[in-house]
Asker: 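I'd like to ask you about the structure that follows.
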Amino acid sequence: MPFMSVLLRRQTALGALFTGLLAGSLSGSLAASPVPVAEDRVTASSFADWQRDFRGRALAEGISADLFDRTFTGVQPDPAVLRADQSQPEFTRPVWAYLDTAISPQRLATGRQLLSSHASTLEAIEQHYGVDRHVLVAIWGLESNFGGNMGDRQVVRSLATLAHAGRRPDFAHTQLLAALTILQQGDTSPDAMLGSWAGAMGQTQFIPTTYLSHAVDFDGNGKRDIWNSPADALASAANYLSSSRWQTGQPWGFEVHLPDAFDYTLADTSIRKPVSEWRQLGLLDAKQSALSDHLDSQQASLLLPAGHRGPAFLVLANFRSILQYNNSTSYALAIGLMASQLKGQDTVIGSWPTDDEPLSRSQRLELQERLQAGGFEPGGIDGIIGANTRQAIRRLQVSLGWPADGYPTLALLEKLRQ
């Protein structure tokens with residue numbers, strides 16, 4: 001599952017890979033192109049030294065010696081976690097393929113079933129936090145397949161492995177201390193604290209610091225149990241979205257139709273305009289009727305997840321709240337579209353450019369290198385198509401007289417190769 005909240009606010013390298021462009025995956029793959037890890041970083045002796053130092057830090061932070069020693073009995077580094085942490089997948093799925101998987105007919109059917117069977121709980125959560133129940137069920141479905149796939153790795157072992165020899169040891173240390181605090185508070189046990197290789201936990205895949213700040217005991221049994229209690233898990237997600245400025249009663253966004261000769265430089269999630277201004281620019285709804293005026297004062301951004309050849313969406317404040325949960329526009333779009341379909345609304349009307357496959361990682365690196373060599377200033381060569389690279393692509397597209405949507409394509413790369 002994707003990193004949540006703090007991880008995705010502060011460690012956005014993975015999320016930025018997809019933002020506004022490429023389809024996201026819901027988790028890192030344990031089998032994806034691993035980068036070799038130095039042997040001297042993962043030996044038993046080096047881990048023992050690290051554990052001894054970390055024990056002192058944990059005790060200084062208020063973790064009891066007895067809890068620490070019981071929790072770490074028999075804990076050794078997990079090589080599969082290190083492989084996952086070091087992996088850099090060469091290929092990503094296009095956004096339309098990601099959406100097809102994320103919003104499958106089976107997942108929609110299960111979501112509708114659960115909306116009915118958990119109606120009273122969802123009603124209570126919606127009344128308390130003001131967050132749309134359909135969005136919560138969509139998050140439940142994408143994060144853990146409604147609790148069916150929460151991850152089977154011991155969170156303490158995974159985080160200890162990452163704190164000892166991972167790419168972001170400081171972040172892993174913080175999460176590991178938070179995990180020990182959760183254990184000390186008695187909400188769960190070390191054996192029951194299971195999650196993904198990166199430490200995301202439960203039916204809503206919270207990392208430990210997010211759990212400490214936003215998990216709630218909604219079923220009233222005295223424990224914040226996001227593993228076994230759907231009520232606690234869903235209410236915790238609602239609490240998180242509410243704290244991320246969720247706007248009660250407002251949609252996440254909607255599909256739109258763009259006029260001919262549209263200025264595609266405006267298609268950037270950093271640009272926000274009232275819906276009334278987008279109407280004045282000629283935007284229509286997906287069925288090419290006039291935009292309703294009931295959202296006129298809402299600040300919206302134009303999202304083109306597959307460039308100017310694909311569907312277009314106006315996204316509002318609640319879309320940005322979902323991005324706080326997982327900083328991937330593909331993920332946030334999947335949540336919004338699934339929630340809409342759970343309400344019985346239309347699927348996407350616009351056509352996806354299925355003949356336009358996303359660039360591989362090596363091609364993205366080459367694109368950045370050639371943009372840099374051409375003086376278009378992509379802001380770094382890391383294979384991540386972030387805001388700076390998108391602006392560089394726009395500058396190149398403008399110079400070529402192409403629609404300046406900031407979307408990387410093979411045609412653009414081939415033009416640079418010339």
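All residue numbers refer to positions in the sequence shown, counting from 1. Note that the structure is predicted; figures quoted are calculated from it, not measured.
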Asker: Report the C-alpha separation of Phe72 and Leu180 in whole Å, then their side-chain angles, then the decisive distance to 0.1 Å, and conclude whether the side chain to side chain contact (heavy atoms under 4.5 Å, CB included) test is met.
Answerer: CA-CA 10 Å; Phe72 271 84; Leu180 292 172; 4.3 Å; yes
Asker: Okay, side chain of Asn145, backbone of Gly148: is any donor-acceptor separation there less than 3.5 Å?
Answerer: no
Asker: Are the side chain of Thr269 and the backbone N or O of Ser301 linked by a donor-acceptor pair below 3.5 Å?
Answerer: no
Asker: Could you point out which residue of Asp355, Thr409, Asp405 forms a side-chain hydrogen bond (donor to acceptor under 3.5 Å, both in side chains) with Arg309?
Answerer: Asp355
Asker: My understanding is that only residues two or more places apart in sequence, or in another chain, count here; which of them pass side chain to side chain contact (heavy atoms under 4.5 Å, CB included) with His257?
Answerer: Leu284, Gln288
Asker: Who are the side chain to side chain contact (heavy atoms under 4.5 Å, CB included) partners of Gln363, not counting sequence neighbours?
Answerer: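 Checked Gln363 against side chain to side chain contact (heavy atoms under 4.5 Å, CB included); matches are Leu359, Ser360, Leu410, Leu413.
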Asker: Taking atom NE2 of His308 and atom CH2 of Trp402, what is their separation to the nearest 0.5 Å?
Answerer: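 Reported value, rounded in 0.5 Å steps: 9.5 Å.
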Asker: Please list, chain by chain and in numerical order, all residues satisfying side chain to side chain contact (heavy atoms under 4.5 Å, CB included) with Gln154, sequence neighbours excluded.
Answerer: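 Residues passing side chain to side chain contact (heavy atoms under 4.5 Å, CB included) with Gln154: Arg157, Asp191, Leu194.
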Asker: Side chain to side chain contact (heavy atoms under 4.5 Å, CB included) for Asp187 and Lys223? Distances and angles first, verdict last.
Answerer: CA-CA 5 Å; Asp187 281 317; Lys223 293 185 178 182; 3.8 Å; yes
Asker: Report yes if some heavy atom in the side chain of Arg107 is under 4.5 Å from a heavy atom in the side chain of Val137; otherwise report no.
Answerer: no
Asker: Answer yes or no: are there more than 12 heavy-atom neighbours, outside Arg57 itself, under 6.0 Å from its atom CZ?
Answerer: yes
Asker: Do the non-hydrogen side-chain atoms of Met150 and Gln203 ever get within less than 4.5 Å of each other?
Answerer: yes
Asker: In the structure I gave you, are the side-chain heavy atoms of Pro358 and Pro94 within less than 4.5 Å of one another anywhere?
Answerer: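 Yes. Closest side-chain heavy atoms under 4.5 Å.
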Asker: Do other residues, nucleotides or ligands put more than 12 heavy atoms under 6.0 Å from Asp260 CG?
Answerer: no
Asker: Tell me the salt bridge (charged side-chain N to carboxylate O under 4.0 Å, His left out) pairs involving residues 313-325, sequence neighbours left out?
Answerer: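 Counting only pairs at least two positions apart or across chains, no salt bridge (charged side-chain N to carboxylate O under 4.0 Å, His left out) contact touches residues 313-325.
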Asker: Give the C-alpha distance, both sets of side-chain angles, the deciding distance and a yes or no for side chain to side chain contact (heavy atoms under 4.5 Å, CB included) between Ile385 and Tyr407.
Answerer: CA-CA 9 Å; Ile385 307 297; Tyr407 186 72; over 6 Å; no
Asker: Under 4.5 Å between any side-chain heavy atoms of Ser244 and Tyr325, yes or no?
Answerer: no
Asker: Got a second to check how far Leu159's CG is from Trp197's CH2, nearest 0.5 Å?
Answerer: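 Here the rounded value is 10.5 Å.
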Asker: Would you call Asp296 and Arg279 a salt bridge, taking side-chain N to carboxylate O under 4.0 Å as the test?
Answerer: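 Looking at Asp296 and Arg279, the cut-off is met.
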Asker: Got a donor-acceptor contact below 3.5 angstrom from the Gln299 side chain to the Ala317 backbone?
Answerer: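 No: the side chain of Gln299 does not pair with the backbone of Ala317.
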Asker: Check the side chains of Glu90 and Ser362 for a donor-acceptor pair under 3.5 angstrom, ignoring hydrogens and angles.
Answerer: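 Yes.
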Asker: Listed by chain and number, what are the salt bridge (charged side-chain N to carboxylate O under 4.0 Å, His left out) partners of Arg361, not counting sequence neighbours?
Answerer: none
Asker: Does the side chain of Asn326 pick up a donor-acceptor pair with the side chain of Ser328 at under 3.5 Å?
Answerer: no
Asker: Are any of the side-chain heavy atoms of Thr161 and Asp85 separated by less than 4.5 Å?
Answerer: no
Asker: Do the side chain of Ser242 and the main chain of Asn239 share a donor and acceptor less than 3.5 angstrom apart?
Answerer: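 Side chain of Ser242 to backbone of Asn239: no pair is present.
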Asker: Show me the pairs that pass salt bridge (charged side-chain N to carboxylate O under 4.0 Å, His left out) and involve residues 129-138, at least two apart or across chains.
Answerer: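 The answer is Glu123-Arg133, Glu126-Arg133, Asp132-Lys343.
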Asker: Find out whether Lys273 and Leu266 are in side-chain contact, i.e. whether some heavy atom of one side chain is under 4.5 Å from a heavy atom of the other.
Answerer: yes
Asker: Is Met193 close to Tyr211 at the side-chain level, that is, under 4.5 Å between some pair of heavy atoms?
Answerer: no
Asker: If we ignore hydrogens and angles and just use 3.5 Å, is the side chain of Asp232 paired with the main-chain N or O of Asp219 as donor and acceptor?
Answerer: yes
Asker: For residues Leu108 and Ile103, determine if any side-chain heavy atom of one lies less than 4.5 Å from a side-chain heavy atom of the other.
Answerer: yes
Asker: Does a donor on one side chain and an acceptor on the other come within less than 3.5 Å for Gln106 and Thr110?
Answerer: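 Checked: Gln106/Thr110 side chains pair up, N/O donor to acceptor below 3.5 Å.
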Asker: Any ion pair linking Asp100 and Arg93 (charged N to carboxylate O, less than 4.0 Å)?
Answerer: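 A salt bridge is absent here (no side-chain N lies under 4.0 Å from a carboxylate O).
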